[in-house]
**Q** 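This is the structure, below, for whatever I ask next.
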Amino acid sequence: MDVPGQGPQSEAPWKKMSEEQLEKQYSPSRWVVRRGAEGALKTYSEMGKEATKRARDTRRTLLNVPYGDGEGEKLDIYFPEAGSEALPLLVFLHGGYWQSGSKDESAFMVGPLTAQGVAVVIVAYDIAPKGSLDRMVDQVTRSVAFLQQRYPRNEGIYLCGHSAGAHLAAMMLLVNWTERGVTCNLKGFFLLSGIYDLEPLVHTSQNAPLLLTPEDAQRISPQRLLEAAPRQPADPACRVLVIVGQHDSPEFLRQSREFYQTLCRGGWRASFEELQDVDHFEIVWKLTQKDYVLNQIILKTIFQDGL
């Protein structure tokens, strides 16, 4: 685990990169060490679809529950066998650079977590170009508020996001829930291979459907927002786990370390974990495996030392 530093360098490393170098750093499929880029993406998609079908076939569910009035504002809830509303809720936000992915192929962790008594919620949001990042952040905020209102006896809401989903989850650290009319029982965040400073993306092909300006990137980057106006945690016991794969790109690793350091300086109960021998996609699809280290980290965090 890194020791929190004194802050990011005056000039971020990405600013010294060529256009080609920057493009490679923010193209996760170009860093996989097995299967090749196309094979890794295909495996990731197939595993997600298979896991979701299996979860829907074997678990108690509430599917396509509306959390808002928009056509895409739906979520799926997967329950443990024991029926109770007093359950911990793991809320998953899929990745896909805010422009691909779906709740219908993202139920990777449902089997292992529901088997241990955790309800899993997979949230849909309007990806680009239909949805702007501001809209996505608002939708995720409303989905979390909806779950708190629907399940007021929950034993904790834990947000888990991958890649772009980790960015959306991290933005929830900055929400004023009182203004939303709820007191959210947020107990933990699992931020997997995320992007917390969006400014580098403005200069890559990933920005084509997003249409982010540098000003947009500053305004909607949790890294920048927490640096400018640190928000103290409402619940000091709330944990934020910043997790990245060993085979993520150097820029993804840097972003995760710097965001962890920023959280520590802000007084959050944060930790940093670099998972060995996994890439940007394996870090998520291996959640289908009950003995996978990340599932054990998630369960230990939710149940503390009670396992």
**Q** With rounding to the nearest 0.5 Å, note down the distance linking CG in L294 to CG in L192.
**A** 5.5 Å

**Q** Below 4.5 Å, heavy atoms only, C-beta onward: do E273 and L241 meet side chain to side chain?
**A** no

**Q** So, are E73 and R135 salt-bridged, with charged N and O less than 4.0 Å apart?
**A** yes

**Q** Does any N or O in the side chain of Q99 come within less than 3.5 Å of the main-chain N or O of P209, such that one atom is a donor and the other an acceptor?
**A** no

**Q** Do D279 and R34 sit within salt-bridge range, that is, some charged N less than 4.0 Å from a carboxylate O?
**A** no

**Q** Which of these passes ring-ring contact (aromatic ring centres under 6.0 Å, His included) with H167: F189, Y196, F259, W98?
**A** W98

**Q** Within this structure, what is the NE2-CE distance for the pair H162 and M109, rounded to the nearest 0.5 Å?
**A** 10.0 Å

**Q** To the nearest 0.5 Å, how far apart are CD1 in I298 and CD in Q116?
**A** 12.5 Å

**Q** Return yes if some donor-acceptor pair links the side-chain N/O of T204 with the main-chain N/O of L201 below 3.5 Å, else return no.
**A** yes

**Q** Between N176 (side chain) and E179 (backbone), is there a donor-acceptor pair under 3.5 Å?
**A** yes

**Q** Can you confirm whether W31 sits close enough to K24 that some side-chain heavy atom of one is under 4.5 Å from a side-chain heavy atom of the other?
**A** yes

**Q** Please list, chain by chain and in numerical order, all residues satisfying ring-ring contact (aromatic ring centres under 6.0 Å, His included) with H94, sequence neighbours excluded.
**A** Y125

**Q** Between V121 and Y78, is a side chain to side chain contact (heavy atoms under 4.5 Å, CB included) present by the stated rule, with each step listed?
**A** CA-CA 6 Å; V121 182; Y78 299 86; over 6 Å; no

**Q** Counting C-beta onward and ignoring hydrogens, is there a side-chain heavy-atom pair between V32 and H247 closer than 4.5 Å?
**A** no

**Q** Applying the side chain to side chain contact (heavy atoms under 4.5 Å, CB included) criterion to D76, which one of T61, V123, N64, T52 satisfies it?
**A** N64

**Q** Shared ILVMFWY cluster between I195 and L174, side chains joined below 4.5 angstrom?
**A** yes

**Q** Where do E251 and P13 come nearest, in terms of heavy atoms and distance?
**A** OE2-CB, 4.4 Å

**Q** Looking only at heavy atoms, what is the nearest atom pair of M172 and V137, with distance?
**A** CE-O, 3.7 Å

**Q** Does a sphere of radius 6.0 Å around CD in Q276 hold more than 12 heavy atoms from other residues, nucleotides or ligands, not counting ones at 6.0 Å or beyond?
**A** yes

**Q** Would you say S205 and E23 make side-chain contact, with heavy atoms under 4.5 Å?
**A** yes

**Q** Which distance, rounded to the nearest 0.5 Å, do you find between the CD of E274 and the CG of L253?
**A** 5.0 Å

**Q** Assess, by modelled atom type and distance only, whether the side chains of Q25 and Q21 contain a donor and an acceptor separated by less than 3.5 Å.
**A** no

**Q** Which heavy atom of L186 sits nearest to which heavy atom of C238, and what is that distance?
**A** O-SG, 3.8 Å

**Q** Indicate if F92 and L63 have the same hydrophobic cluster label, given that clusters are the connected sets of ILVMFWY residues with side-chain heavy-atom separations under 4.5 angstrom.
**A** yes

**Q** Examine V293 and I243 and state if one hydrophobic cluster contains both, with Ile, Leu, Val, Met, Phe, Trp and Tyr joined whenever side-chain heavy atoms are less than 4.5 Å apart.
**A** yes

**Q** Mind running side chain to side chain contact (heavy atoms under 4.5 Å, CB included) on L210 and L198 for me, showing each step along the way?
**A** CA-CA 11 Å; L210 301 174; L198 275 54; over 6 Å; no

**Q** Looking only at side-chain N and O atoms, does D126 offer a donor or acceptor that is under 3.5 Å from a partner on Q139?
**A** yes

**Q** Can the ring centres of Y26 and F252 be said to be less than 6.0 Å apart?
**A** yes

**Q** Where do D216 and T213 land on the side-chain hydrogen bond (donor to acceptor under 3.5 Å, both in side chains) test, with the steps shown first?
**A** CA-CA 5 Å; D216 292 332; T213 66; 3.1 Å; yes

**Q** Give me the atom names and distance for the closest heavy-atom approach of L191 to A169.
**A** CD2-CB, 3.7 Å

**Q** Determine, for K53 against E105, whether the closest basic-nitrogen to carboxylate-oxygen distance falls under 4.0 angstrom.
**A** no

**Q** Is the shortest side-chain heavy-atom distance between K290 and N295 below 4.5 Å?
**A** no

**Q** Check this for me, if you would: do K187 and E155 make a salt bridge, where the nitrogen-to-carboxylate-oxygen distance has to be below 4.0 angstrom?
**A** no

**Q** Are any of the side-chain heavy atoms of F281 and S193 separated by less than 4.5 Å?
**A** no

**Q** In the structure I gave you, are the side-chain heavy atoms of I127 and Y97 within less than 4.5 Å of one another anywhere?
**A** no

**Q** Which residue, K74, R56, K49, forms the salt bridge (Lys or Arg N to Asp or Glu O under 4.0 Å) with D104?
**A** R56

**Q** Ignoring hydrogens and geometry, is there a side-chain-to-backbone donor-acceptor pair from H280 to S249 under 3.5 Å?
**A** no

**Q** Flag the pair D134 and R219 as a salt bridge only when some basic side-chain nitrogen lies within less than 4.0 angstrom of an acidic carboxylate oxygen.
**A** yes

**Q** In sequence, state the C-alpha distance, the side-chain angles, and the governing distance for V240 and Y260, and then conclude on side chain to side chain contact (heavy atoms under 4.5 Å, CB included).
**A** CA-CA 8 Å; V240 185; Y260 158 67; over 6 Å; no

**Q** Nearest 0.5 angstrom please: I157 CD1 to S143 OG, how far?
**A** 9.0 Å

**Q** So, does E227 use its side chain to make a donor-acceptor pair with the main chain of T262 at under 3.5 Å?
**A** no

**Q** What are the two closest non-hydrogen atoms of T114 and P80, and how far apart are they?
**A** O-CB, 3.4 Å

**Q** Quick one: are Q148 and N185 in side-chain contact, heavy atoms under 4.5 Å?
**A** yes

**Q** Indicate the atoms forming the closest heavy-atom contact of V278 with E282, along with that distance.
**A** CA-OE1, 3.4 Å

**Q** With a sphere of 6.0 Å drawn around CG of D69, does it hold more than 12 non-hydrogen atoms of other residues, nucleotides or ligands?
**A** no

**Q** R239 side chain to A270 main-chain N or O, any donor-acceptor pair under 3.5 Å?
**A** no

**Q** Backbone N or O of G245 within a donor-acceptor pair of the D248 side chain at under 3.5 Å?
**A** yes

**Q** Could R254 and E258 be called an ion pair, given the rule that one side-chain N must be under 4.0 Å from one carboxylate O?
**A** yes

**Q** Donor-acceptor pair, distance only, cut-off 3.5 Å: does the side chain of N154 make one with the backbone of Y151?
**A** yes

**Q** Between L211 and L133, is there shared hydrophobic-cluster membership here, with clusters defined by ILVMFWY side-chain heavy atoms closer than 4.5 Å?
**A** no

**Q** Hey, is the main chain of W285 close enough, under 3.5 Å, to the side chain of T288 for a donor-acceptor pair?
**A** yes

**Q** Do the side chains of L62 and L147 join up, straight or via other hydrophobic residues, at under 4.5 Å, putting them in one cluster?
**A** yes

**Q** To the nearest 0.5 Å, how far apart are NZ in K103 and CG in L93?
**A** 13.5 Å

**Q** The test is salt bridge (charged side-chain N to carboxylate O under 4.0 Å, His left out); show your working for E199 and R224 and say whether it passes.
**A** CA-CA 10 Å; E199 189 177 357; R224 302 277 80 86; 5.3 Å; no

**Q** Assess whether side chain to side chain contact (heavy atoms under 4.5 Å, CB included) is satisfied between V120 and L89, documenting all intermediate values.
**A** CA-CA 6 Å; V120 177; L89 302 173; over 6 Å; no

